[in-house]
Student: 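I'd like to ask you about the structure that follows.
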Amino acid sequence: MKPITNNNVALLFLCFSLCLSFLPSLTNGESNLVAQACEKAKYKDICTSSLEAEHATKDARDLATIALIAVKVATNNGSSTASYIKKILDNPKVTEPAVQETFDDCSDHYISAMQQLDDALEALVSKDYKDAKVWLGAAVTDASSCESDLKAGAGDEMELNNKNSVFLKLCTNALDILNLLASNATPSTPSN
């Protein structure tokens, strides 16, 4: 697994920005794509608020663009949470071995999830919705695994628990949006 770096995040954002202009329209003039995208999302409130907070959604012309933005939002949140975990692990005051082990486990899950989100983005850009769903599903599993580690681990790390909960919801919503996009795709796309 590759470590998460600022260069990886910058490259992902550049790829995302370039790809927005190449995606065809998959909707029929829906006036509110965010509402359409979030309608079937498991976590509707955070879906709507996180997407509406992104300037790029104002220029979005199709559900594919909204799906890319949802993955970007999850990636940015995951990167921030991974940085928080690294900061805690680098703190010499964290001496309790059980807490250290829980953070190490979550760090591994986040490294994996970030790579999976990168892979999901690549698949989404190439309209391979089947693979994109697999990668997003794997990112959801990693966030769920961190949640399980936090519940089973020693210590009361509410901040990481809260951050991980948001990341899990964002990944789940991105997957829900991708499922909606794939169901709207034409039979000639690789999603079948």
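We count residues from 1, following the sequence as given.
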Student: Is the side chain of Ser126 donor-acceptor paired with the backbone N or O of Glu122 at a distance under 3.5 Å, no angle test?
Tutor: yes
Student: Testing the basics here: between Tyr110 and Cys146, what is the closest heavy-atom pair and its distance to 0.1 Å?
Tutor: CE1-SG, 4.0 Å
Student: With rounding to the nearest 0.5 angstrom, report the CD to OH distance, Glu159 to Tyr84.
Tutor: 3.5 Å
Student: Under a 3.5 Å distance rule, please check whether Asn164 uses its side chain to pair with a backbone N or O of Ala143 as donor and acceptor.
Tutor: yes
Student: To the nearest 0.5 angstrom, please state how far the CG atom of Asn91 sits from the CZ atom of Phe103.
Tutor: 10.0 Å
Student: List the steps and the verdict of side chain to side chain contact (heavy atoms under 4.5 Å, CB included) for Trp135 and Leu121.
Tutor: CA-CA 9 Å; Trp135 292 119; Leu121 182 63; over 6 Å; no
Student: Write down the atom of Gln36, the atom of Leu63, and the distance for their closest heavy-atom approach.
Tutor: NE2-CD2, 4.3 Å
Student: Treating Asn173 as the side-chain partner and Tyr43 as the backbone partner, does any N or O pair qualify as donor plus acceptor under 3.5 Å?
Tutor: yes
Student: Using modelled atom types and a 3.5 Å cut-off, is there a donor and acceptor pairing between side-chain atoms of Ser183 and backbone atoms of Leu180?
Tutor: yes
Student: Does a sphere of radius 6.0 Å around CG in Asp90 hold more than 12 heavy atoms from other residues, nucleotides or ligands, not counting ones at 6.0 Å or beyond?
Tutor: yes
Student: Surrounding NZ of Lys58 (heavy atoms of other residues, nucleotides or ligands, distance under 6.0 Å), is the total greater than 12?
Tutor: yes
Student: Look only at the side chain of Ser144 and the backbone of Val140, and say whether a donor-acceptor pair between them is shorter than 3.5 Å.
Tutor: yes
Student: Could you grab the distance from atom SG of Cys171 to atom CG of Asp176, nearest 0.5 Å is fine?
Tutor: 11.0 Å
Student: Mind listing the closest non-hydrogen atom pair of Ala70 and Ile177 along with its distance?
Tutor: CB-CD1, 3.8 Å
Student: Strictly distance-based, threshold 3.5 Å: is any side-chain N or O of Ser79 a donor or acceptor partner for the main-chain N or O of Thr75?
Tutor: no
Student: Identify the heavy atoms of Leu181 and Ala67 that sit nearest to each other, and give their distance.
Tutor: CD2-CB, 4.1 Å
Student: For Lys133 and Leu175, indicate whether the former's side chain and the latter's backbone hold a donor-acceptor pair under 3.5 Å.
Tutor: no
Student: Do any N or O atoms from the side chain of Ser50 and from the backbone of Cys47 form a donor-acceptor pair under 3.5 angstrom?
Tutor: yes
Student: Starting at OG of Ser49, measure out to CD of Glu54 and round the result to the nearest 0.5 Å.
Tutor: 10.5 Å
Student: Any idea which heavy atoms bring Val34 and Glu52 closest together, and the distance?
Tutor: CG1-CG, 3.9 Å
Student: Can a side-chain donor-acceptor contact be found between Asp62 and Thr65 if the only test is distance below 3.5 angstrom?
Tutor: yes
Student: Looking at OG1 of Thr172 and CD1 of Ile46, how far apart are the two atoms once the value is rounded to the nearest 0.5 Å?
Tutor: 10.0 Å
Student: Determine whether more than 12 heavy atoms belonging to other residues, nucleotides or ligands lie under 6.0 Å from atom NZ of Lys44.
Tutor: yes
Student: Could you report the tightest heavy-atom contact between Asp142 and Gln116, atom names first, then the distance?
Tutor: OD2-OE1, 2.8 Å
Student: If Ile, Leu, Val, Met, Phe, Trp and Tyr residues are connected whenever their side-chain heavy atoms lie under 4.5 Å apart, and connections chain through other members, are Val134 and Tyr129 in the same group?
Tutor: no
Student: Determine, stepwise, if the pair Leu160 / Ile88 fulfils side chain to side chain contact (heavy atoms under 4.5 Å, CB included).
Tutor: CA-CA 10 Å; Leu160 179 54; Ile88 296 298; over 6 Å; no
Student: Listed by chain and number, what are the side-chain hydrogen bond (donor to acceptor under 3.5 Å, both in side chains) partners of Asp119, not counting sequence neighbours?
Tutor: Gln115
Student: With Asp105 as reference, evaluate Ile85, Leu150, Asp149 under the side chain to side chain contact (heavy atoms under 4.5 Å, CB included) test and give the passing residue.
Tutor: Asp149
Student: Is a donor on one side and an acceptor on the other found under 3.5 Å between the side chain of Thr57 and the backbone of Leu51?
Tutor: yes
Student: Using the side chain to side chain contact (heavy atoms under 4.5 Å, CB included) definition, which of the options Asp131, Leu136, Leu68 pairs with Leu124?
Tutor: Leu68
Student: Do any N or O atoms from the side chain of Ser145 and from the backbone of Thr141 form a donor-acceptor pair under 3.5 angstrom?
Tutor: yes
Student: To the nearest 0.5 angstrom, please state how far the CG atom of Leu178 sits from the CD1 atom of Ile66.
Tutor: 13.5 Å
